[in-house]
Structure formats: C-alpha cells, structure tokens
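Comments concern the structure below.
Throughout, protein chains are lettered first and strands after them, A, B, ... in sequence-line order, and every chain is numbered starting at 1.
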Amino acid sequence: MSGNKTKINMLVLMSFLLGIILILQIKSVSLTHGLVTLKSIQEIEEQIEVEKSEMINLQNLIKQKRDEYKRYEDELDNSGSIVPVLEEQKYLMADISGNTNMVGMGLTVEIKDSEREIKDGENPNNIIVHDQDVLHIINDLKIAGAETISINGQRLISLSEIRCSGPTITINGKTFGQPFVISAIGPINEMKQAITAPDSYAYLLKSVYGIGIDFFTDEYLTIPKYGKNINFNYLKEAQ
Amino acid sequence: MIWAIIGLALGIVVGYYVPFTYPDNYSLYVSVAILAAMDSVFGAIRSSMENTYNNFMFISGFFTNAILAGFLAYLGDRLGVPLYYAPIIVFGGRLFQNFAAIRRLIFNKLDASKKRTMTKEL
C-alpha cells in the first residue's frame, strides 16, 4: 500500500513539474520580443506624438464647443434670444464659403508664358504655362498661409476646378488665357518666400523654363466673392 | 492517470503565476525536454496500470531523458546538425506507443468489468 502511495505521489509531483515547464515554455514563446529596429521605434514615437497632438486638438475642440454653448446661454440670458449670435455665425460662414468680397493685405502673382525663343527640337510645352503650374503655385501659397485665393478674379473655393483647356485654363467654368493673375490674401513675407525660394516650384519655372513670374504686394487687395450658385445634388448632411 | 492530470493542472496553475520566462533561444531545447518528460509521465501511467511501476526508473527517466534531449538539441545547434530530431522521433513515437497501451489497458478493464456485471445479471 505504501508503494502505491509513493507511486501516486511521484506521479503527481512529476506531472506537476511537467505542467510548470510546459506553461513556462508557452509563456516564453508567446512573449516573443521580436527585434525592434530603430526605425520602427522612431515611427512608433512619431505615432505617439501624432496621437498626443490629436488629443490636444480634441480637447481644444471640446473647450471651443463649451465656449460656444456658453455664449448661446449667455445670449439667451441677456437678450432672450440667440439670433445675434447666429447672425454673427452666418457672416462667418459666408466668409468661409466664399460668399463675400474680401479685402486684406496680400500678394498678386502674374504668370506668363516664356518669351524666350524655342530651341531646336525643344518641346514647346516647356515654355507655356500649364494648369499644373498654376495648381502647384496655389498649393505653395496655401502652404505659406494664404487665407483666400483668386485666379483672374475667380474666387477659389472648395469646389473650384483648375482645368487645362488647350492653351487656356478654365477656372470656375470660365476660361482664361495667359497671363494668369493669382491674388492671395495672407502673410505677405511667407507667400513671397514660397514663390522666390531657390527650391520652390515658381523659382524652378522661372529659372529653368523661363516662365514669366512677377509679383507685387498690396495693402488692400480685394478678392471677389464666388459668383456661381452652388447646388448640391449628391450631398446630404450626415445624421 | 487521474493523479497525473491533477498534478498537471496544478503545475499549469502554478507555472502561470510564476513570474519567470527565459530567452527565446532556449525554447527549442526546452520543448524537446518537455517531450521527453511527457513521455516519461505517460510511461509511468502505463507501467502503473500494468503493475510494473518502478519509482527509481520513473524519476531517473524523467530527469535524464529530459536533460539528454535538451542537451542533444543544444549539441545539434553547436554542431550545425539538427540533432533534436532524434529525441523528437524517439520520444514522440514512444509517446504514441504508451498512449496506445494505456488505451488498450483501459479498454480491457472496461471490458472486464462489463463482462463481470453481465455475468452477475445473468
């Protein structure tokens, strides 16, 4: 009987040991710490930074919405209606959507076809202004902080197209030949740098292809409002 | 066999809470050692059912087989020859043999008890 008892004890003990080794192995293998390259560490750190800034943005948004709510409440308490606040907002929305004429200090850029003679065998496309060029320069201006932009008097809004139509460019459904006059309200110095810096697109056009790019600043640059009616056929407000 | 399962379950529970892991490099050696240990436990279950159980054989087999298997795997790594195949094939094959024997023993037991009850009923 005692032999049977030691047998059982030993069996339990050894199985116990086996179980411990087994689970340790499973734990060690599933906890595999793969090689982490410096690059991936950096990427993850960048991601964390992005998430953090996103968090701050969202917190700011919450604060902004709270302030807005408070403004509505205050207005309701003071005058019994929120119409003045709403009207103020309406004007702001009109400004944002391009439904008002704008004035401010800004920069006017004039882009003309190159006046140099075409070389033997050279592609004539090299010396004329394309829609791509205009788009590039507009993007550079936006990066520099331009707040409102028009081309040849056509206000650029989110729906504005810049289309190539032969030697001309179509903007907001209206076709213009060169020169193209881009007006932008915003920080003058930054925008100037955006089109004169040695590695900017405008500089490249000017120095390599000889495209005429002139600019002048204006304290009271006027940018007209968007002229067409906007009808949304596909858009619906999300619930 | 029930005792072995109880011990295994206890070991798993304790092992789960032991805050210890080892480097990934050793996982191959340990896995081969685990195979050897499993074979020993199955062998012990089988021999206890066959009433040929020997305490010394079981314990010495458990440890030496596991250590030898792990060492072979390590040696194979050093020599650049996959020597861990040897324990895998031997112990893996024996594991199934032991398991088959255990099944047969259980079946025989069940069969015998059934016959006994049948004869009783008769």
Point-to-point distance, once rounded to the nearest 0.5 Å, from CD1 of B:Ile12 to CD1 of A:Ile26
7.0 Å
To the nearest 0.5 Å, atom CZ of B:Phe62 lies from atom CE of A:Met10 at 11.5 Å
Gap between atom CG of A:Leu11 and atom CH2 of B:Trp3 - 0.5 Å precision
10.0 Å
In terms of heavy-atom proximity below 4.5 Å to chain A, should B:Leu10 be classed as side chain, backbone, both, or neither?
both
Can you name the residues that form a ring-ring contact (aromatic ring centres under 6.0 Å, His included) with B:Tyr84, not counting sequence neighbours?
none
Contact listing (chain A partner; residues 90-114 of chain B; heavy atom under 4.5 Å)
none
Among residues 30-50 of chain B, which residues come closer than 4.5 Å to chain A, judged by heavy atom distances?
B:Val30, B:Ser31, B:Ile34, B:Ala37, B:Met38, B:Val41, B:Ala44, B:Ile45, B:Ser48
Ordered numerically, the heavy-atom neighbours of chain B under 4.5 Å found in residues 13-24 of chain A are A:Met14, A:Ser15, A:Phe16, A:Leu17, A:Leu18, A:Gly19, A:Ile20, A:Ile21, A:Leu22, A:Ile23, A:Leu24
Hey, is CG on A:Leu61 packed in by over 12 heavy atoms from elsewhere, all under 6.0 Å?
yes
Residue A:Tyr201 excluded, over 12 heavy atoms near OH under 6.0 Å:
yes
